[in-house]
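Reckoned from all heavy atoms, side chains included, excluding hydrogens, waters and symmetry mates.
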Number of protein chains: 2
Amino acid sequence: MIRIAIDCMGGDVGLPVTIPASIEFARRFPDARLLLVGLPDAIEKALEGMRDVPRDRIEIVPASEVVTMDDSVEVALRRKKDSSMRLAAQAVKDGRADACVSAGNTGAWMAISRYVLKTLDGIDRPAIATSIPNQKGGSTTVLDLGANVDCTAEHLLQFAIMGAALAQALDHCERPSVGLLNIGEEVIKGNEVVKEAAERLRASPLNFYGNVEGNDIFKGTVDVVVCDGFVGNAVLKSIEGLARMLSSIIREEFKRNPITLLAGAIASPVLNRLRKRVDNRRYNGAALLGLRGVVIKSHGSADAYAFGFALRRAREAVVSKLLERTNQSMAQITQQGAQLAGRQGAQINNDAAVSMPHAAGDSA
Amino acid sequence: MIRIAIDCMGGDVGLPVTIPASIEFARRFPDARLLLVGLPDAIEKALEGMRDVPRDRIEIVPASEVVTMDDSVEVALRRKKDSSMRLAAQAVKDGRADACVSAGNTGAWMAISRYVLKTLDGIDRPAIATSIPNQKGGSTTVLDLGANVDCTAEHLLQFAIMGAALAQALDHCERPSVGLLNIGEEVIKGNEVVKEAAERLRASPLNFYGNVEGNDIFKGTVDVVVCDGFVGNAVLKSIEGLARMLSSIIREEFKRNPITLLAGAIASPVLNRLRKRVDNRRYNGAALLGLRGVVIKSHGSADAYAFGFALRRAREAVVSKLLERTNQSMAQITQQGAQLAGRQGAQINNDAAVSMPHAAGDSA
């Protein structure tokens with residue numbers, strides 16, 4: 001069984017989205033067991049109207065508080081200790097669930113899941129990753145999307161490890177290629193942090209492609225694009241903005257007058273296919289990576305269809321052993337780092353070895 | 001007369017784009033006088049086939065070298081001192097032209113124009129700005145797009161001054177609102193540099209709106225969006241990539257089979273209007289700001305139609321006195337800074353006033 005704890009109160013809409021999506025999900029995946037976390041009466045009421053609820057695989061976990069979209073991290077973390085968000089993460093911590101999902105306030109969800117679950121060994125900072133559809137018909141994993149500003153080269157390397165594990169787990173890439181987001185032909189190629197990160201990535205066992213630019217996300221040049229959270233967030237919000245503008249312009253033009261409406265009706269099978277191909281609801285569900293548990297963040301404005309995809313991502317991450325993959329890759333790199341340090345310590349400078357006695361000992 | 005020096009050799013295509021665009025432009029704007037800079041024989045040959053060339057308003061400026069798209073900044077700047085790019089900037093420096101335009105290599109064009117023209121008083125670093133169409137039917141000026149990575153708060157303030165002057169000059173905003181690109185609801189709101197920049201912008205005479213996010217570029221929340229060049233470049237390239245992917249998907253879907261082709265033919269008036277509304281060729285022409293001269297960069301892949309828009313932007317910037325506006329605004333802010341420093345010097349700490357004797361004297 002795959003056990004998923006769902007914060008049923010989160011998101012712009014809450015229960016009217018999360019409950020139908022959860023039940024539909026439970027029906028579709030007989031291996032799923034759901035912990036519906038939230039105000040118990042409200043959940044019961046939302047369930048009442050629903051048919052074919054697989055009650056044997058559904059458990060209501062009562063929470064007395066709700067983190068709102070406007071709550072500060074401080075309030076969410078310190079004041080609302082019995083929130084549905086908190087208890088969803090706690091269920092994973094306690095081993096009662098394999099993954100947890102919320103459509104609530106991103107900052108609060110990140111802070112709470114980090115506080116409750118802690119980070120994996122060797123990971124300094126969790127990161128937010130999502131899949132963006134690309135021209136090759138697949139998707140590109142991009143991280144970090146806003147959990148971290150002011151990253152070091154070491155952080156970018158860790159993001160690469162986590163992102164590659166996610167692409168392996170969710171997109172079934174055998175050996176995902178990793179690109180480092182940089183600026184192109186322009187005056188100065190990248191800042192110091194990015195340059196150092198490129199060197200470290202090149203030396204790592206990861207399948208490092210090299211620098212990529214923003215358009216490579218859509219070209220599908222690499223499987224994973226790594227950047228700091230400030231850049232990633234600006235890019236993500238910008239492309240969301242452009243997509244929204246374009247779809248509203250398309251609607252406007254087809255609704256201009258009776259003739260364009262007719263043209264739209266005639267073209268509707270094509271327009272529907274188009275809409276389906278670029279429907280970002282099918283890519284809903286960002287992963288909060290680097291934590292000791294599978295944590296998924298749904299878009300706050302997700303509808304039930306979109307929220308269902310976030311639940312699928314949670315399930316898929318558990319099935320394909322995302323955490324084990326991340327841990328393995330992290331261990332490999334730590335070991336390699338230790339060996340390298342050891343070799344350098346032994347060969348180049350015996351003084352340097354003093355500060356890394358184990359590493360030096362291994363290679364000596 | 002508005003005199004524009006055109007690097008006719010620049011861009012992916014060169015003369016077959018720049019010459020027809022230049023002649024069309026000269027015909028359309030009788031107040032334009034063009035300096036066509038490049039290999040003289042090649043320019044003459046390109047002109048031969050053209051009708052109605054207003055020879056009295058066209059001068060060929062011979063250059064013996066061409067900066068290629070692959071030339072390093074070093075090569076462009078130090079080795080090719082008689083390049084068409086260099087001589088186009090030199091024409092502005094010598095007062096023989098009011099503006100210069102190139103579709104060549106961005107890095108080289110920035111380095112050369114900066115080297116030849118120098119920066120305006122008070123500007124530490126030039127920046128690259130462009131207009132991006134927004135949902136309100138207008139456009140949003142975004143800078144920096146890649147000239148500067150690792151910016152300080154002072155640099156971001158200077159970008160805001162330059163960007164506001166550009167929006168005044170080209171988009172005829174009386175008092176452009178300025179937004180600072182930041183990350184939203186996510187965990188940590190912005191890095192230290194952005195926080196400090198926000199404070200300085202708030203204290204400035206600029207019409208500072210506050211923080212904005214990537215999607216606000218398309219919403220048209222503000223007239224000018226300021227960010228560092230790394231972020232701006234990543235955003236610009238990403239939205240270019242998404243736009244390219246979407247237009248290729250639309251083409252693909254309408255070309256799928258005879259029925260969709262027919263639907264496309266019927267919907268073609270709508271699709272053409274759509275294409276026109278989002279045609280980025282009409283927004284071609286980034287401004288290299290902060291230099292002692294109007295310097296415009298056309299997209300390297302621009303066709304003659306698009307290159308014509310870059311020429312228009314150059315003309316418009318001269319007509320609407322972009323440089324004077326930037327200088328004025330810069331002087332205002334420097335003065336305010338001096339007054340503030342003076343006031344602080346006089347009121348709070350007499351020691352501080354010692355290092356700013358004039359400012360302190362003014363307010364005392």
Side-chain angles (χ1 to χ4, degrees), chain A residues 69 73 105-107 110-111 128 134-135 145-150 181 183-188 190-192 194 213-219 227 229-231 233-246 248-250 253-254 256 259-260 263-264 266-267 269-270 273-274 277-278, chain B residues 69 73 105-107 110-111 128 134-135 145-150 181 183-188 190-192 194 213-219 227 229-231 233-246 248-250 253-254 256 259-260 263-264 266-267 269-270 273-274 277-278:
Chain A
M69 288 312 232
V73 166
N105 180 332
T106 311
M110 177 53 103
I128 306 176
N134 64 37
Q135 214 151 357
L145 298 173
N148 306 280
V149 294
D150 298 322
L181 191 64
I183 69 174
E185 42 167 357
E186 276 66 22
V187 186
I188 308 149
N191 57 25
E192 289 310 313
V194 170
E213 297 184 56
N215 49 340
D216 289 302
I217 295 171
F218 297 98
K219 275 191 192 167
C227 56
F230 194 97
V231 176
N233 193 272
V235 163
L236 184 75
K237 297 272 170 71
S238 301
I239 61 182
E240 281 178 359
L242 174 58
R244 210 169 296 134
M245 179 175 86
L246 290 178
S248 98
I249 287 181
I250 292 175
E253 287 299 333
F254 275 108
R256 185 168 286 274
I259 295 170
T260 59
I266 292 167
V270 187
R273 267 193 66 100
L274 265 175
R277 273 184 74 174
V278 297
Chain B
M69 288 312 232
V73 167
N105 179 332
T106 311
M110 177 52 104
I128 306 176
N134 64 37
Q135 215 152 355
L145 298 173
N148 306 280
V149 293
D150 299 323
L181 192 65
I183 68 174
E185 42 166 358
E186 276 66 23
V187 185
I188 308 150
N191 57 26
E192 288 310 313
V194 171
E213 297 184 56
N215 49 339
D216 289 302
I217 295 171
F218 297 99
K219 275 191 191 166
C227 56
F230 194 98
V231 176
N233 193 272
V235 163
L236 184 76
K237 296 272 170 71
S238 300
I239 61 182
E240 281 179 358
L242 174 58
R244 209 169 296 133
M245 179 175 86
L246 290 178
S248 98
I249 287 180
I250 292 175
E253 287 300 334
F254 276 107
R256 185 168 287 274
I259 294 169
T260 60
I266 291 168
V270 187
R273 267 193 66 99
L274 265 175
R277 272 183 74 174
V278 298

Closest heavy-atom contact between [X] and [Y]?
{"X": "A:Phe254", "Y": "B:Leu274", "value": "CE1-CD1, 4.5 Å"}
{"X": "B:Ala263", "Y": "A:Ala267", "value": "CB-CA, 4.0 Å"}
{"X": "A:Ile183", "Y": "B:Gly229", "value": "CG2-O, 4.1 Å"}

Q) Given the options B:Thr260, B:Ile249, B:Ile266, which has more heavy-atom pairs under 4.5 Å with chain A than any of the others? A)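 It is B:Ile249.
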
Q | Option in B:Asn215, B:Ile250, B:Leu236 with maximal non-hydrogen atom pairs under 4.5 Å from chain A | A | B:Asn215

Q) Heavy atoms, side chains only, cut-off 4.5 Å: are A:Glu213 and B:Asn233 in contact? A)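 Counting from C-beta outward, A:Glu213 and B:Asn233 do come under 4.5 Å.
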
Q. Side chain, backbone, both or neither: which part of A:Gln135 has a non-hydrogen atom closer than 4.5 Å to chain B?
A. both

Q. Listed by chain and number, what are the side-chain contact (heavy atoms from CB on, under 4.5 Å) partners of A:Arg273, not counting sequence neighbours?
A. B:Glu253, B:Arg256

Q) Mind checking what makes side-chain contact (heavy atoms from CB on, under 4.5 Å) contact with A:Asn134, not counting sequence neighbours? A)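 Applying side-chain contact (heavy atoms from CB on, under 4.5 Å) to A:Asn134 gives A:Lys136, A:Thr140.
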
Q.
Which residue in the set A:Val231, A:Leu242, A:Ile217 passes side-chain contact (heavy atoms from CB on, under 4.5 Å) when paired with B:Ser238?
A. A:Ile217

Q: Let me know if B:Leu246 has heavy atoms under 4.5 Å from chain A in its side chain, its backbone, both or neither.
A: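 Side chain of B:Leu246 only, per the 4.5 Å heavy-atom cut-off to chain A.
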
